Amino acid sequence: MESTDVLVIGSGIAGLCAAIEAARTGATVTVASAGKTMSGSSFFPGTWGLGLIGPVDEGDEQNLIDTIQAVGGGVADPELVQTFVHGIPQAIEWLEQDLGVELQRPQSAESAQQKQFIPCFDHKTRMWRGLTRKPLEDALTTRIESLGIRLLPRHELIELVEDTDGKIVGATLYDRTNERLVPMAVKATIIAAGGTGGLFERSLTSADVLSSSQAIALAHGASLTNIEFMQMMPGFIEPKRNLVFNEKTWRYVKFDQPVDIADDKLDDLLEQRSGYGPFTSRLDSRAIDLAIDQAGAEGLALHYDFPREDVPEFVQTFATWLQDEHGIAPTDEMRVAMYAHAANGGIKIDKTAYTGVEGLYACGEATGGMHGADRIGGLSSANGIVFGRIAGASAARAALDAPEAAAPMDIALPQYGIATTDAERLTHSLKHTMSTYCMINRTEAGLSKALQQLESLKDEATALSKPHANDSEIAALARLQSQNQLATEMVKAMRKRTESLGSHYRSN
């Protein structure tokens, strides 16, 4: 049986930063990812890269802490927020100086003060950096190779294994290429497999974000926090799907179909909507998102009317990328719909990235607590780096301090599975349920119906399960059960929170 000191699940920014830090500490490290290495939301193919923000200086740290709490509606964990903000400057310095990642900067000190550089939901400019894909991939690849980190692309977490004391001492992976289960003995495990976007039909996360690992952690004693808070983001349906709509450009939008917004209020609402990306219930400009949501799966028809002169740098960069990368001209008719995007909640951790389950750590979008009901733009990337490094160091210390076992324990592989065609059908139904009742408009009646449908799906999966299944069928059942459990926990949390707060909107 294979073994490693530290097993990292997920190879986005959080997972790879965790792996590098764990290996640098002296542990042997293996990274398993459901898709290719360097995947998930961190390397989502539809954007130029990721924004990364932090405090301008030490004096700005407390302001950012207070702003996170205010924007988060008071549900963020104060200790995690402080740990997070204080760690961002060192994390950015580590990226640039240690890993050698070339970060983008505003063209000048003057442009850095433009309102387009104010992060989503923030009230002032911060230190802004841009993480572009190639420089990040190159730097990470170089460091991974130099540290001897083992990579297992297309290996999905199916189950965690605990000893008689409840410590996580192993994992069962599914090799998606060779369609076989892979047991692995571990001394510490880090879950960094992304958020909850994989539970929805339209999602601005890549297909390898399975949204199953949170439920696997939950089954072994971890807990979830703020799981009802999930970002819903406008994205293109036409002329090309799965592209994020740049929020800074709302002020230049003209609608090509009627919307239920008074003409004398529309310009002001579009201007307000240009200040942030994901939906929030806090601001009057929620009317824009509600109009998009009302347009349904076909999307809302619109086009741009950009100024001919004095185009802000941020807008020009987006327009050029849209034209060069996707052949979309600003004058083209576009259709925009609401997509599931980033999770603000997830596995509960402490300031050392510990989940409360011995041997189990978590970081990145799989976790919650450092954000609240709304999240300031650019802090998701920062979260992955800061808590990724913390998780890697914590897991490595736990692994290296662990007493040597006489021999790796036997890992009993699961036996029950489900026909993959049945699993695909039930997964489609699950995503349809979540998209129907758990996007923007959340109601008591709708959420109750969602719970009923998820329970029926669970019962049907149980009825269709069979013993002595092949490995692909075993993986299909485990994945479906974990996704259904996470979806159920999300709906319960949405139903329990009866008031609207940030990204969570209860129309009744």
Side-chain angles (χ1 to χ4, degrees), residues 71-77 121 194-205 209-215 217-219 222-234 278-283 286 289-290 292-294 296 337-348 365-375 380 427 429-458 480-508:
V71 165
V75 299
D77 181 318
F121 300 130
T196 53
L199 300 179
F200 294 80
E201 287 176 317
R202 285 193 311 277
S203 176
L204 289 172
T205 56
V209 177
L210 301 177
S211 304
S212 57
S213 62
Q214 294 92 332
L218 189 67
S223 57
L224 303 177
T225 183
N226 292 343
I227 200 67
E228 67 269 37
F229 298 115
M230 180 175 181
Q231 294 182 346
M232 299 293 164
M233 187 84 81
F279 166 80
T280 181
S281 63
R282 289 184 296 123
L283 302 173
R286 63 180 175 269
D289 301 84
L290 293 174
I292 298 169
D293 189 57
Q294 190 172 12
M338 298 306 297
Y339 283 78
H341 190 237
N344 288 356
I347 300 168
K348 187 175 183 178
E365 200 188 330
T367 64
M370 66 294 301
H371 311 303
D374 280 325
R375 172 176 58 75
S380 185
T427 301
S429 296
L430 183 154
K431 292 182 179 183
H432 184 70
T433 293
M434 295 298 285
S435 296
T436 302
Y437 302 111
C438 304
M439 290 283 284
I440 286 184
N441 269 305
R442 299 170 183 174
T443 67
E444 173 62 27
L447 295 172
S448 297
K449 187 167 286 189
L451 283 176
Q452 293 171 7
Q453 292 183 6
L454 291 172
E455 185 66 27
S456 294
L457 290 173
K458 178 182 175 182
L480 176 62
Q481 290 174 328
S482 294
Q483 289 172 330
N484 190 289
Q485 185 60 46
L486 178 57
T488 299
E489 295 299 324
M490 288 179 69
V491 177
K492 286 180 178 178
M494 292 172 186
R495 192 180 180 196
K496 184 177 181 181
R497 191 171 293 279
T498 56
E499 81 281 11
S500 294
L501 187 64
S503 56
H504 173 69
Y505 177 62
R506 285 291 299 265
S507 53
N508 64 50

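It should be emphasised that the depicted structure is a prediction, and the values quoted were computed from it without experimental measurement.
Between the CG atom of Asn484 and the CG atom of Leu457 there is a distance of 6.0 Å, given to the nearest 0.5 Å. Separation of atoms CD (Glu201) and OG1 (Thr436) is listed at 6.0 Å; rounding is to 0.5 Å. Atoms CG and CD, from Leu224 and Gln485 in turn, are 9.0 Å apart once rounded to the nearest 0.5 Å. The CG atom of Leu447 lies 10.5 Å from the CE atom of Met490; values are rounded to the nearest 0.5 Å. Atom CG in Leu210 sits 10.0 Å away from atom OG1 in Thr427 (nearest 0.5 Å). Rounding to the nearest 0.5 angstrom, the gap separating the NZ atom in Lys449 from the CG atom in Leu451 is 12.5 Å.
Residue pairs meeting the ring-ring contact (aromatic ring centres under 6.0 Å, His included) criterion with at least one partner in residues 484-504, sequence neighbours excluded, do not occur; the list is empty. For residues 365-374, the set of pairs meeting the salt bridge (Lys or Arg N to Asp or Glu O under 4.0 Å) definition, not counting sequence neighbours, comprises Arg282-Asp374.
In this view, Arg286 satisfies the side chain to side chain donor-acceptor pair (under 3.5 Å) rule with no residue, not counting sequence neighbours. Remark: Ser448 engages Glu444, Arg495 in a side-chain contact (heavy atoms from CB on, under 4.5 Å) (not counting sequence neighbours). A search for side-chain contact (heavy atoms from CB on, under 4.5 Å) contacts involving Asp77 returns Glu79, Leu80, not counting sequence neighbours. In terms of the side chain to side chain donor-acceptor pair (under 3.5 Å) criterion, Gln483 has no residue partners (sequence neighbours excluded). Every residue two or more places apart in sequence or in another chain that forms a ring pair (Phe, Tyr, Trp, His ring centres under 6.0 Å) with Tyr505 is listed here: Phe279. Qualifying side-chain contact (heavy atoms from CB on, under 4.5 Å) partners for Ala222, counting only residues two or more places apart in sequence or in other chains: Ala217, Ile347, Thr355, Val357. Every side-chain contact (heavy atoms from CB on, under 4.5 Å) that Ala450 has, sequence neighbours left out, goes to Thr433, Tyr437, Cys438, Val491. Every side chain to side chain donor-acceptor pair (under 3.5 Å) that Thr205 has, sequence neighbours left out, goes to Ser203. In this structure Phe200 satisfies the ring pair (Phe, Tyr, Trp, His ring centres under 6.0 Å) test with no other residue, sequence neighbours excluded. Take Gln481 and apply the side chain to side chain donor-acceptor pair (under 3.5 Å) test, not counting sequence neighbours, and it matches no residue.
When side chains are defined from C-beta on, Met232 does not count as touching Pro278, because their heavy atoms never get closer than 4.5 Å. For the pair Lys492/Ile227, no side-chain contact is recorded, criterion being any heavy-atom separation below 4.5 Å from C-beta on. Arg497 places a side-chain heavy atom less than 4.5 Å from the side chain of Val75. Between Asp289 and Thr280, every side-chain heavy-atom pair lies at or beyond the 4.5 Å cut-off.
Looking at every heavy atom in both residues, Ser211 comes nearest to Gly198 through OG-N, 2.9 Å. In plain terms, the two heavy atoms of Leu430 and Ala487 that are nearest each other are CD2-CB, 4.3 Å. Taking every heavy atom of both residues into account, Leu486 and Ala215 meet most closely at N-CB, 3.9 Å. Of all heavy-atom pairs spanning Gly195 and Val209, the tightest one is O-CG1, 3.8 Å.
Distance alone, capped at 3.5 Å, is enough to place a donor-acceptor pair between the Arg442 side chain and the Met439 backbone. Listed for the Asn226 side chain is no donor-acceptor partner under 3.5 Å among the backbone atoms of Ala76. Side chain of Gln214 to backbone of Gly194: a donor-acceptor contact under 3.5 angstrom is found. Of the possible polar contacts, one joining the Ser500 side chain to the Arg506 backbone as a donor-acceptor pair under 3.5 Å is found. Formation of a donor-acceptor pair under 3.5 Å by the Ser281 side chain with backbone atoms of Ser503 is not found in this model.
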Notebook entry, point to check: Given Arg375 and Ser380, is the side chain to side chain contact (heavy atoms under 4.5 Å, CB included) satisfied, shown in steps?
Noted result: CA-CA 8 Å; Arg375 172 176 58 75; Ser380 185; 3.4 Å; yes
